[in-house]
Structures are given as structure tokens and as C-alpha cells.
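Everything below concerns the one structure shown next.
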Amino acid sequence: MHQPKREIEPAANAAQPVPSFYERVYAFVRLVPRGSVITYGNVALYLGSPMAARAVGYALNALQPGNDVPWWRVINAQGAIVYKNRGTSADLQRALLEREAVVFDSEGHADLGRFRWWPPEV
DNA sequence: AAGGTGACTGGCG
DNA sequence: TCGCCAGCCACCT
């Protein structure tokens with residue numbers, strides 16, 4: 001009516017700022033249980049933007065060391081760890097997953113049918 | 001404010 | 001099967 005747009009703009013000192021796409025990615029990834037994996041595409045799907053898989057990877061790339069997000073549980077749709085432009089973090093990712101009993105075959109693929117996690121139904 | 005970038009994907013040759 | 005391409009998105013200059 002008199003207010004065409006009701007922006008949810010957090011005050012500078014707001015206790016709960018509006019979560020950005022990044023924050024929503026992190027919040028979702030925190031739900032993935034130990035020993036399971038999820039794909040970039042699935043994260044995007046559950047965030048309401050099925051085509052934003054790329055942006056999910058972008059978000060994980062922005063994580064700072066010391067975060068509490070289990071980023072290593074996110075792999076690609078082929079069940080493989082993405083090595084492109086990542087230095088040694090990709091090797092670390094594989095090590096962390098194997099430590100959680102996730103198995104990779106000789107071609108570096110994990111069996112999604114076996115390790116993929118799906119969020120509980122609403 | 002428009003264009004560039006990238007831890008993605010699915011389709012096609 | 002494998003590699004290449006264009007499409008798609010959120011962020012950053």
C-alpha cells in the first residue's frame with residue numbers, strides 16, 4: 001500500500017542480520033552428517049535455486065579457516081572431489097572424507113547411491 | 001551499474 | 001566414455 005516495498009534491512013547493530021546466500025549455504029552444509037556427502041547441485045536445489053550449483057562452490061571457496069562448516073562433505077554430481085583451482089585443499093578434502101569412511105574408487109569417485117545424504121523430508 | 005569470475009551441470013559431438 | 005560449451009547464479013570490481 002503506502003509502502004511498496006518492505007525491505008528487511010537489518011540495523012547496523014542487529015543481533016540477527018538477514019542471512020545471505022552464503023550464510024544459507026553454510027547453514028545447510030552444517031546439516032550434512034559425518035560420513036555422508038552432498039553435491040553442489042543438491043545444496044542449490046534445497047536452497048531454492050536449482051541452477052545455482054556454481055554459486056555454492058563460490059560460497060564454499062569464500063570460507064575462512066577456522067569455520068565450523070563441514071565443507072569437505074560437498075562434492076560434484078559425479079561423486080568426485082573437484083580439484084580445479086584449489087591447491088592442496090582438495091587433497092585435504094579427500095583425506096577428511098576417507099577418515100569418515102567415505103570410499104573412493106580407483107577413478108576418484110565415491111558411490112553417491114551409498115554416501116549421498118538427503119535432508120529429512122519436511 | 002554493467003561485466004567478469006568460478007570448489008557446477010547437463011547436453012552434444 | 002571424454003572433452004568442450006553454453007547456461008545459470010551470487011559476488012566483486
Side-chain angles (χ1 to χ4, degrees):
Chain A
M1 305 293 222
H2 299 277
Q3 289 183 311
K5 60 175 182 178
R6 304 195 318 160
E7 292 191 4
I8 310 174
E9 212 167 85
N13 60 348
Q16 295 180 295
V18 175
S20 64
F21 181 79
Y22 278 23
E23 289 303 327
R24 293 200 292 136
V25 168
Y26 304 152
F28 187 79
V29 174
R30 276 192 276 257
L31 302 178
V32 184
R34 180 187 162 75
S36 303
V37 298
I38 191 169
T39 67
Y40 297 95
N42 282 165
V43 173
L45 178 66
Y46 279 86
L47 256 42
S49 303
M51 304 313 219
R54 219 169 175 177
V56 171
Y58 198 96
L60 295 182
N61 183 53
L63 279 172
Q64 313 266 138
N67 67 77
D68 62 339
V69 180
W71 53 269
W72 59 90
R73 307 214 258 241
V74 185
I75 60 182
N76 69 21
Q78 286 70 52
I81 288 175
V82 176
Y83 280 82
K84 189 178 181 183
N85 302 326
R86 298 190 56 194
T88 61
S89 72
D91 293 317
L92 170 61
Q93 176 171 21
R94 173 157 177 161
L96 289 171
L97 283 176
E98 294 185 317
R99 197 174 70 182
E100 298 186 345
V102 172
V103 182
F104 290 90
D105 63 24
S106 59
E107 299 184 347
H109 291 82
D111 184 351
L112 286 178
R114 185 174 150 200
F115 299 105
R116 167 157 30 201
W117 174 77
W118 293 100
E121 309 245 348
V122 186

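In what follows, chains carry the letters A, B, and so on, assigned in the order in which the sequence lines appear, proteins first and then strands, with residues in each chain numbered from 1. In this text the structure is predicted, and so the values were computed from the model without any measurement.
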Please give me the minimum heavy-atom distance between [X] and [Y], naming the atom from each residue.
X	Y	result
A/L112	A/Q78	CD1-C, 4.3 Å
A/F115	A/G35	CD2-O, 3.8 Å
A/T39	A/A77	CG2-CA, 3.9 Å
A/F21	A/A52	CZ-CB, 4.1 Å
A/V29	A/P70	O-CG, 3.3 Å

**Prompt:** Within a radius of less than 6.0 Å around CZ of A/R99, do more than 12 heavy atoms belonging to other residues, nucleotides or ligands occur?
**Reply:** no
**Message:** What residues from residues 97-109 of chain A pass a heavy-atom cutoff of under 4.0 Å to DNA chain B?
**Reply:** none
**Item:** Those residues of residues 79-91 of chain A lying under 4.0 Å from DNA chain B by at least one heavy atom
**Value:** A/V82, A/K84, A/N85, A/R86
**Asked** Mind checking which nucleotides bracket the chain A contacts on DNA chain B, 5' to 3', with an atom under 4.0 Å from a heavy atom?
**Response** B/dT5 to B/dG10
**Prompt:** side-chain contact (heavy atoms from CB on, under 4.5 Å) between A/Y40 and A/R54: does it pass, once the steps are laid out?
**Reply:** CA-CA 7 Å; A/Y40 297 95; A/R54 219 169 175 177; over 6 Å; no
**Request:** Under the side-chain contact (heavy atoms from CB on, under 4.5 Å) rule, what do A/Y83 and A/D91 come out as? Steps first, then yes or no, please.
**Result:** CA-CA 8 Å; A/Y83 280 82; A/D91 293 317; 3.3 Å; yes
**Asked** Is the A/Y22 ring parallel, tilted or perpendicular to the A/Y58 ring (thresholds 30°, 60°)?
**Response** tilted
**Request:** Would you confirm whether A/R116, through its side chain, and A/S36, through its main-chain N or O, come within 3.5 Å as a donor-acceptor pair?
**Result:** no
**Full working for side-chain contact (heavy atoms from CB on, under 4.5 Å) between A/R30 and A/Y26** = CA-CA 6 Å; A/R30 276 192 276 257; A/Y26 304 152; 4.0 Å; yes
**Prompt:** Are A/V43 and A/L31 co-members of a hydrophobic cluster defined by side-chain heavy atoms under 4.5 Å apart?
**Reply:** yes
**Complete:** side-chain hydrogen bond (donor to acceptor under 3.5 Å, both in side chains) filter on A/S89, not counting sequence neighbours, yields A/R86
**Message:** Within the 4.0 Å heavy-atom criterion, would you say A/N76 contacts the bases, only the backbone, or no part of the nucleic acid?
**Reply:** sugar-phosphate
**Request:** Using the side-chain contact (heavy atoms from CB on, under 4.5 Å) rule, take A/W118 and A/I38 through it: C-alpha gap first, then chi angles, then the decisive distance, then the call.
**Result:** CA-CA 8 Å; A/W118 293 100; A/I38 191 169; over 6 Å; no
**Asked** Nucleotide by nucleotide, 5' to 3', does protein get under 4.0 Å of the base (B), only the sugar-phosphate (S), or neither (-) in nucleotides 7-13 of chain C, counting heavy atoms?
**Response** BBBSS--
**Base-pairing string, 5' to 3', of DNA chain C - Watson-Crick or wobble, under 3.5 Å, | interstrand** = .||||||.|||||
**Request:** Establish, from distance only, whether the side-chain atoms of A/W72 and A/E100 form a donor-acceptor pair under 3.5 Å.
**Result:** yes
